Student: 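Structure in structure tokens, see below.
Everything numeric here is computed off the predicted structure, so don't read it as measured data. Within every chain, numbering begins at 1; the chains are lettered A, B, ... in the order of the sequence lines, protein sequences first and strands thereafter.
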Number of protein chains: 2
Amino acid sequence: MTTETATQILHATHSALCKHGYAELTMQDIADETDLCKASIHYHYDGKHDLLVAYLDHLYEQFEDRIAEPAGETPAERLRGLVVALVTDRSDAPAFQTALLEIKAQSPYDDAFRSRLQRFDHAFTAAVREVVAEGVADGTFHEEVDPDAVASFLTTYVNGAQTRHAAVGHPLDDSAAAVDAYIDEALRADQAASTGGGPSSETANVGGTE
Amino acid sequence: MTTETATQILHATHSALCKHGYAELTMQDIADETDLCKASIHYHYDGKHDLLVAYLDHLYEQFEDRIAEPAGETPAERLRGLVVALVTDRSDAPAFQTALLEIKAQSPYDDAFRSRLQRFDHAFTAAVREVVAEGVADGTFHEEVDPDAVASFLTTYVNGAQTRHAAVGHPLDDSAAAVDAYIDEALRADQAASTGGGPSSETANVGGTE
DNA sequence: TCGAACTGACTGTCCGGTCAGTCAAAAAAA
DNA sequence: TTTTTTTGACTGACCGGACAGTCAGTTCGA
């Protein structure tokens, strides 16, 4: 098939996923976002599962690009950009985060999903680790800061922020603010530590906002 | 119906949920964990959704008891007990956490689920806040520690640990260790802050060792 | 004997997947 | 060039399985 058709179907999958959620997603829903019929999608993809996996791969490529070179002058800004990008309420994708959580929840039952999600997790952790290491190297962050520990910590925190937002409506802004406080208070070498309950960490999100 | 029958069905719901997961759960699966037939369950509950909601309520009662009076001499120990109880790999419930995540992921589509999950969230946050406040009051924790912020922070982190464990297999032990480190380094008044910052706590290594 | 508890058989619906066939454009033959 | 064949893309109609929920009827204890 032409790449145009492929992206059309992948795009339709995204829209349908946001509209109906993963659990309620049907092939017809996807076809409805297309000028093709249901059978045509089966013609291009071996089945629903195949299509979803292709969609996750497609998503990962975008995610990879997005976290590849964090914008910002200082490591602190880049770190903030990296994390906050996943913990910000983008009006274009309220339902997307929810659908992604549904997929995460299916991951234990589906090896293909699981390996894809692991790629997201590893990529994000690696990106954070990289930026933190830069910060430690150039003196932005305390020298005792362990990039591995911080990266894993933030990844877990981001996961929590996303889950808690989707599940109980805990504001993403609150979680983002807590990360900001964490960066300032726990990592930055030039900031006075003010303790307090500030730093809450979380991590999580795989897919990003799209 | 007798409360015995009720608990039998609720128990069966739990077992079936762990065995099959939420997405694949059928009324027949639940009935199979019972000495009743499918129709009998429909006789006692208005439907699948009703039963699941009753199950969540049942679950909440147990949860409430569990976090009601955290065990431990010091606030630090009680806080640890509170958090680690939710971030420990209990052999009896590997699949249970996954099923719970599936339910969380459905929460945005289901008001009854959502309100129940919010009760869990609020109860846990309140329990943490309480213990932290005790710790601040008796000098175990720094006086600058904000119980509200710490409670929200830890709740989010716990969510992240659970999600990341289920979704990509990130070890719960690692997350638990990070929380231990957080308590020691960011909250406890008698611990030396590892960073150069100031007199107040430092959370440089909040992420822990993992 | 009355009614609550329970059951087996059944129904309606939904959905993933299949299939025979259409159609247009490319390739091959004339 | 014109005609024929092939092929890839696509479609409407259909199939079969799964599952929530129903219902007429049975069982059994009070």
Student: Please list, chain by chain and in numerical order, all residues satisfying side chain to side chain contact (heavy atoms under 4.5 Å, CB included) with B:Val53, sequence neighbours excluded.
Tutor: B:His49, B:Asp57, B:Ala112, B:Phe113, B:Arg116
Student: Between atom OH in A:Tyr43 and atom C1' in D:dC10, what is the gap in whole Å?
Tutor: 8 Å
Student: Can you tell me how far C1' of D:dC10 sits from OH of A:Tyr45, to the nearest Å?
Tutor: 15 Å
Student: Can you tell me if B:Ser40 touches the phosphate of C:dT7, counting only side-chain N or O atoms and a distance under 4.0 Å to OP1 or OP2?
Tutor: yes
Student: Report the distance from atom CG of B:Leu36 to atom P of C:dC6, rounded to the nearest whole Å.
Tutor: 5 Å
Student: Quick one: A:Gln8 CD to D:dA9 C1', roughly how many Å, whole number?
Tutor: 12 Å
Student: Thinking salt bridges, do A:Glu134 and A:Arg78 make one under a 4.0 Å N-O criterion?
Tutor: yes
Student: With 3.5 Å as the limit, what N/O pairs link the protein to nucleotides 15-19 of chain C?
Tutor:
{"from": "C:dG16", "atom 1": "OP1", "to": "A:Leu25", "atom 2": "O", "distance (Å)": "3.4"}
{"from": "C:dG16", "atom 1": "OP1", "to": "A:Lys48", "atom 2": "NZ", "distance (Å)": "3.0"}
{"from": "C:dG16", "atom 1": "OP2", "to": "A:Met27", "atom 2": "N", "distance (Å)": "3.0"}
{"from": "C:dG16", "atom 1": "N7", "to": "A:Lys38", "atom 2": "NZ", "distance (Å)": "3.3"}
{"from": "C:dG17", "atom 1": "OP2", "to": "A:Lys48", "atom 2": "N", "distance (Å)": "2.9"}
{"from": "C:dG17", "atom 1": "N7", "to": "A:Lys38", "atom 2": "NZ", "distance (Å)": "2.8"}
{"from": "C:dG17", "atom 1": "O6", "to": "A:Lys38", "atom 2": "NZ", "distance (Å)": "2.6"}

Student: Touch check for B:Asp35, heavy atoms < 4.0 angstrom, all strands: base, sugar-phosphate only, or nothing?
Tutor: sugar-phosphate
Student: Do the ring centers of B:Tyr157 and A:Phe153 come within less than 6.0 Å of each other?
Tutor: yes
Student: Check A:Thr98, A:Leu17, A:Leu101 against A:Tyr22 for a side chain to side chain contact (heavy atoms under 4.5 Å, CB included) and give me the one that passes.
Tutor: A:Leu17
Student: So, are B:Asp29 and B:Lys19 salt-bridged, with charged N and O less than 4.0 Å apart?
Tutor: no
Student: What is the distance, to the nearest angstrom, from the CG atom on B:Asp32 to the C1' atom on D:dA20?
Tutor: 15 Å
Student: Can you tell me if NE2 on B:His11 sees more than 12 non-hydrogen neighbours from other groups inside 6.0 Å?
Tutor: no
Student: Grab the CD-P distance between A:Glu4 and D:dC10 for me, whole Å please.
Tutor: 10 Å
Student: In whole angstrom, give the distance that lies between atom CD1 of B:Ile41 and atom P of C:dA5.
Tutor: 15 Å
